[in-house]
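Only one structure is covered here, and it is reproduced in the block below.
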There are 2 protein chains.
Amino acid sequence: MPKQTFFNLEPEKRQGIIAAAVREFAEHPFEQASLTKIVESCGIAKGSMYQYFEDKLDLYLYIVDLAYEQKKAYVGRAFSLEGDIFAVLSEYYRLSYQFALDHPLLHQVANKFWDSRSEALRAELEKGRLSRSRDFARVLAEAMAAGKVNPQLDPEAVFFVYHAVGKELIDHFHQGCNDEFLQQVLDVLKYGLQARD
Amino acid sequence: MPKQTFFNLEPEKRQGIIAAAVREFAEHPFEQASLTKIVESCGIAKGSMYQYFEDKLDLYLYIVDLAYEQKKAYVGRAFSLEGDIFAVLSEYYRLSYQFALDHPLLHQVANKFWDSRSEALRAELEKGRLSRSRDFARVLAEAMAAGKVNPQLDPEAVFFVYHAVGKELIDHFHQGCNDEFLQQVLDVLKYGLQARD
DNA sequence: TGTCGGTATGACTGGGTGGTCACATAAGGG
DNA sequence: CCCTTATGTGACCACCCAGTCATACCGACA
């Protein structure tokens, strides 16, 4: 967590620091991101950074959190379509894509976070995965109870699959991804590979 | 490509270098892997490394290639089960898992390769993806022609989904992954989320 | 005016990196 | 025995890094 000093800053300066950090962490994973470049890019002294944050990791986690909060606010509406799980999923990924278009840097920060292999970040990673699985698990359980979802499937396996595909979709957002392709991918998940009678 | 000098080495020494490099690249992505540590770990001089390889990238690509060749040899049998695409897929992932158990370091090298974000590796990444999509596309086309596969699906989307899930499965091999869970994940893909009549 | 807490600073430390190069060694062929 | 060619070597170079610290600045209050 940032120190109090950081929050005492004039908002303008604070935003400048945040913006510079977002730029750097959007381009490089934690280990390769350079604090030196961040302070140069926003024109403050190296030492000042240590008045605001404990260390590089502290800054990083603050920025990742920020990116995630923004994304959650953006994407959360999808879950308001209660009842129709397929509409929820479609809207969820559509909004994720919109977010990536509107906030490419925040998108990249959040995205790069997931392939951090650093031990220091493992705990945070797991926490994030769990918190996101909760909403999904709830919607899935409801849909199963309502008989809308294939009852022979293992809910955990379903989450695993959607998580994997979601990650890959998000990874490929930067290459462009029209609504049609998105819909086709979701259809694969919805109808399954095997031909129906 | 390694220089001729590398292939002139006594096999024992050559294997020592390979083993050390595999250890390092299994633990760290390309950018964070340390040539210095590799030469220390196999007891040769830094300068010698540059008699064998052009640079760090040259060594890395050689090692990745090696890991992939081994994996292909191990996993390729799956495609001999022509005709039943679901058997092929099941066997493919089962063998991938076996490979990860038998050769954990090679597995990690191959695996880490996919989340390299370095520009220098982009071209290689794309090449690998294409070469692996070919076998899959062939089996899929056959199964579609035979009416075993849902004809309304977009083959490209199908490949996308299987690639994504495969990557995530492989990522999670190190946490253990029993046959049963694997089967359940494949069932999700096979039967689809929507309840059948 | 003095002084005191909070803040800003950037030179510096100690450690790491990939890559180089002048030199050493060894093996053959004349 | 020398000369050439192929290898081996590790000190060294230039660069980058996170993090520290003595010093300076600044506004407020006395």
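As the structure is a computational prediction, the values presented were derived from the model and not from experiment. Below, chain A is the first sequence line, B the second, and so on; all start at residue 1. What you see below is based on every heavy atom in this structure, not just the backbone, and it leaves out hydrogens, waters and symmetry mates.
Between A/E142 and A/R138 there is a salt bridge, with a side-chain nitrogen of the basic residue lying less than 4.0 Å from a carboxylate oxygen of the acidic one.
What separates CZ of B/F6 from C1' of D/dG8 is a distance of 15 Å, to the nearest Å. Between the CD atom of A/E40 and the P atom of C/dA11 there is a distance of 12 Å, rounded to whole Å. Distance NZ (B/K3) to P (D/dT5): 18 Å, rounded to an integer number of Å. Following rounding to the nearest Å, A/E10 (CD) and C/dG6 (P) show an atom-to-atom distance of 18 Å. At whole-Å resolution of the value, CZ in A/R14 and C1' in C/dT7 are 15 Å apart. Taking atom CD of residue B/E24 and atom C1' of nucleotide C/dG16, one finds them 13 Å apart after rounding to whole Å. Nucleotide C/dG19 holds its P atom 13 Å from the CZ atom of B/F53, rounded to whole Å.
With values rounded to the nearest 0.5 angstrom, A/E27 atom CD is found 7.5 Å from A/K112 atom NZ.
Classification of the B/F6-B/Y52 ring pair by plane angle, with boundaries at 30° and 60°, yields tilted. Using cut-offs of 30° and 60° on the angle between ring planes, the pair A/H103 and A/Y74 is perpendicular.
Side-chain contact annotation: B/D179 with B/Q183, donor-acceptor N/O pair under 3.5 Å absent.
Residue A/L59 is classed as having no contact, given no heavy-atom separation below 4.0 Å to the nucleic acid.
Remark: B/R94 is not positioned above the aromatic ring of B/Y92, lacking an NZ or CZ atom under 6.0 angstrom from the ring centre and at most 45 degrees off the axis.
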task = Show the numbers, then the answer: is there a side-chain contact (heavy atoms from CB on, under 4.5 Å) between B/E24 and B/L59?
result = CA-CA 12 Å; B/E24 180 69 9; B/L59 168 61; over 6 Å; no

task = Using the side-chain contact (heavy atoms from CB on, under 4.5 Å) rule, take B/Y93 and B/V185 through it: C-alpha gap first, then chi angles, then the decisive distance, then the call.
result = CA-CA 11 Å; B/Y93 291 114; B/V185 166; over 6 Å; no

ask   = What does nucleotides 9-24 of chain D look like as a protein-contact string, B for base, S for sugar-phosphate only, - for none, at under 4.0 angstrom between heavy atoms?
value = BB------SBBBB---

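Regarding contacts with the backbone of C/dT7, a side-chain N or O of A/N8 is found under 4.0 angstrom from either OP1 or OP2.
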Donor-acceptor pairs are to be reported for all side-chain atoms of residues 143-163 of chain B against protein atoms at under 3.5 Å, with residues two or more places apart or in another chain.
| unit_1 | atom_1 | unit_2 | atom_2 | d |
| --- | --- | --- | --- | --- |
| B/N150 | OD1 | B/Q152 | N | 3.2 |
| B/N150 | OD1 | B/Q152 | NE2 | 3.4 |
| B/D154 | OD1 | B/E156 | N | 3.1 |

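The C1' atoms of five pairs define one axis at each end of the helix from C/dT1-D/dA30 to C/dG30-D/dC1, and these two axes lie 40° apart (to 10°).
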